[in-house]
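All values below were derived from every heavy atom in this structure, side-chain atoms included, with hydrogens, water molecules and symmetry-related copies excluded. Numbered from 1 within each chain, the chains take letters A, B, ... in sequence-line order.
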Number of protein chains: 4
Amino acid sequence: MANKREQILRSAEKIIAQEGIQHLSMQKLADDAKIAAGTIYRYFKDKDQLISELRVNILQSVAAFVFTDARAGNVEQRFKHIWFNFVRLGCDRTPQQLNYQQFYLLPGVNTAEHNAIARETFKPLEDLFTEGIQQHLVLNLQIEYLFSIAFEPAISLGRRIFEGHLHFNQQELQKACDICWHAITYSNHL
Amino acid sequence: MANKREQILRSAEKIIAQEGIQHLSMQKLADDAKIAAGTIYRYFKDKDQLISELRVNILQSVAAFVFTDARAGNVEQRFKHIWFNFVRLGCDRTPQQLNYQQFYLLPGVNTAEHNAIARETFKPLEDLFTEGIQQHLVLNLQIEYLFSIAFEPAISLGRRIFEGHLHFNQQELQKACDICWHAITYSNHL
Amino acid sequence: MANKREQILRSAEKIIAQEGIQHLSMQKLADDAKIAAGTIYRYFKDKDQLISELRVNILQSVAAFVFTDARAGNVEQRFKHIWFNFVRLGCDRTPQQLNYQQFYLLPGVNTAEHNAIARETFKPLEDLFTEGIQQHLVLNLQIEYLFSIAFEPAISLGRRIFEGHLHFNQQELQKACDICWHAITYSNHL
Amino acid sequence: MANKREQILRSAEKIIAQEGIQHLSMQKLADDAKIAAGTIYRYFKDKDQLISELRVNILQSVAAFVFTDARAGNVEQRFKHIWFNFVRLGCDRTPQQLNYQQFYLLPGVNTAEHNAIARETFKPLEDLFTEGIQQHLVLNLQIEYLFSIAFEPAISLGRRIFEGHLHFNQQELQKACDICWHAITYSNHL
DNA sequence: GATGAATGAGCCTTCATTCAT
DNA sequence: AATGAATGAAGGCTCATTCAT
């Protein structure tokens, strides 16, 4: 296979998604990827590096997920699209994909290095806010404030749905989304 | 020592906070607590039970922290007090204390049993929202929505400050707090 | 209690009889004997010595069992009484007593030292054979041959009954007993 | 090495024979077999399975030993051949081999599963007795009685020789063998 | 490149033994 | 004499990593 490296990463994600990171052993990974255990070490220095690469790899697919169909429309429309994507990120993935919760279980996910990559990966979000501010729609706050106030609720709601504490209710979520949008715009400060 | 049990829990918290739960070994824990490995088993049946008790122990200290000085005043005053406590929860912690993020990575944190304890422990929050709803101040939404919209931003901001991406700025945080409060009240829907 | 030593030995036998020697821990022993773990060491140097003493102690009670009601009658009557006691030794004991099988699980049961004690303890058996030989009833063979031919079958049958491969059948056992007696006497060599 | 499995079993037997099963640790076993501790687990799931396989392995080699050169001749000749093999089983063993006594101490030796295997393995013995019964040579007793009366003495004598309480004396043993044979035949009941 | 048998450090846990009280 | 908390060596087992083939 031309892309044995990719295959290993997908097997790793699958195992973590289905059994948890504590059950990811190099042997199980090799079995799932249908290669010998030693072969993994031709592609990854060690387990730490493998997980580190998986982290970045998934971060990018998460970003791709979040920005799905979110390049069109005005700022508000794009915001709301992304907002719902964040919710789905928590509850919608296939059994072979890591969900948000599990992603945060990956070692090293909160290191300075990873955060820099994360910031770069989610640059489009920053741009969206910047655009909103320039259009005098969005409050002129630091991006961290805007993200915390507007998107953290979406992530949190997704997780609660995934954990079963909440059902996915389009109408109620729409309302929550509206609230979050209004919270960071001038519309409610007139 | 009467509180060797407590000492073990604090060492466990410290190791998890500094190195991650994957590096919590009974030997390392014993070394840190300056006791013999076998001694841990006089106080805890096994590693699972130790972590389980740590979970509840931290949950309670988090609750105590969040509700500090938050029993007086009207609904809005109490809300804002708690909101700031959530921020401080994230950024005031010593390197020896688990942060919110790490706490969620503890095994068993999402079991039915734990959730029941968590719900009971944070009952005052529920009561606050209920009171606000009865006074026609707060939007009549499920508690999960209210919490996600109003408090997750506070937690998130605390973490960002802790991680150094943001400075603690009383004025800006006050503004964010106002936004969160308005977001879940009728005041912005007049 | 005046005889705490005896109490400890009885608790040890009980635990071994009910749970097997691999489950005899000093703590469990102390709990059963209702004393502190450290107290055992006032009576026994260490666990090895405790078991060693238990071995001899039980050997003597086994001997007492084997010779029960076997002091009266002629040589044949005494032989047959003892023969049946050997069978019962294998299958008849209370749940708090070690059976033959379990006894042989005690470490050190086959050491030279123990065998000397065993020989001394079972001296009456030797005397019985000697008496039989002097009366020209029993074949003039070394005691080891006589014991092996006449009593090992009884021990073995007792074990088979205990293990459930055989039922206790008085009539059949009587026949086997007769066979063993005849085997070592001149009666079948006329 | 093709038979590393065999090598592990032989080391296990040796350690049990020389030190007792309570001293068989996986580390000691690995050291004796000159392999790493972890390697054992490539061949055996765990210690239980290792001992279980050792049990069957030894059972079969014991059977092979007992039936050596014992397929020819009439019933009496075959019986006596086997009888002497049982004696030699006890006294010919090297210090690296388990004796009968030790074999019976192996955990699981009395499970239903093991007994089925044992019975199957020693089927030729059963057949021998059956043949003798059909020829009206051997008493019509259950096989357990016949075995206990006729062969247990041989095993016991072998052990006594091994332990040094008796010397191997062909003439005396021949006499004992005759006694055992007569004991279970009609010859002494005419 | 690929294999997978072998390694051995490290994990969690038990328990005989000690010793301050 | 008696206690029982504390010890720490040793046990069974796992698994990331190496290396001869």
One should read off an interatomic distance between A/Glu13 CD and A/Thr94 OG1, to the nearest 0.5 angstrom, of 7.5 Å
When rounded to the nearest 0.5 angstrom, what is the spacing between CD1 in B/Ile40 and CD in B/Gln49?
12.5 Å
To the nearest 0.5 Å, what is the distance between CD1 (C/Ile58) and CZ (C/Arg10)?
6.5 Å
Strand DNA chain E in bracket notation, Watson-Crick/G-U under 3.5 Å with | for pairs to another chain:
.||||||||||||||||||||
Taking atom C1' of F/dT17 as reference, at what distance in whole Å does atom NZ of A/Lys47 sit?
12 Å
Say you draw a straight line from CG of C/Leu9 to NZ of C/Lys14; how long is it, rounded to the nearest 0.5 Å?
14.5 Å
Identify, residue by residue, the members of residues 49-58 of chain B with a heavy atom below 4.0 Å from DNA chain F, and return them in order of residue number, or none.
none
Which atom of A/Pro95 lies closest to which atom of A/Gln18, heavy atoms considered
O-CG, 3.3 Å
Side chain to side chain contact (heavy atoms under 4.5 Å, CB included) partners of A/Lys34, counting only residues at least two apart
none
Check the distance between F/dC15's P and A/Tyr41's OH and give it to me in whole angstrom.
12 Å
Where do N or O atoms of nucleotides 1-3 of chain E meet protein N or O atoms at under 3.5 Å, pair by pair?
{"residue": "E/dA2", "atom": "OP1", "partner": "A/Lys4", "partner atom": "NZ", "Å": "3.2"}
{"residue": "E/dA2", "atom": "OP2", "partner": "A/Tyr43", "partner atom": "OH", "Å": "3.2"}
{"residue": "E/dT3", "atom": "OP2", "partner": "A/Ala36", "partner atom": "N", "Å": "3.1"}
{"residue": "E/dT3", "atom": "OP2", "partner": "A/Thr39", "partner atom": "OG1", "Å": "2.7"}

Give me the atom names and distance for the closest heavy-atom approach of B/Ala30 to B/Ala36.
CB-C, 3.8 Å
Residues that A/Gln27 engages under side chain to side chain donor-acceptor pair (under 3.5 Å), provided they are two or more places apart
A/Asp31
NZ or CZ of C/Arg159 within 45° of C/Tyr104 ring axis and under 6.0 Å
no
Any luck finding a side-chain donor-acceptor pair between A/Thr39 and A/Arg42 under 3.5 Å?
no
Roughly how far apart are A/Ile21 CD1 and B/Ile21 CD1, rounded to 0.5 Å?
12.0 Å
Check C/Glu19 with C/Lys28, please: is the shortest side-chain N to carboxylate O separation under 4.0 Å?
yes
Under 4.0 Å, heavy atom to any atom of DNA chain F: which of residues 19-30 of chain D qualify?
D/Leu24, D/Ser25, D/Met26
Could you tell me how far apart D/Ile40 (CD1) and F/dG11 (P) are, to the nearest whole angstrom?
12 Å
Between B/Ile15 (CD1) and E/dC11 (P), how many Å, whole number?
11 Å
Can you check the B/Asp31 CG to F/dA9 P distance for me, whole Å?
12 Å
When rounded to the nearest 0.5 Å, the distance separating CG of D/Asp32 from CD1 of D/Ile8 is 11.0 Å
Distance in angstrom units between A/Lys45 NZ and F/dA16 C1', rounded
12 Å
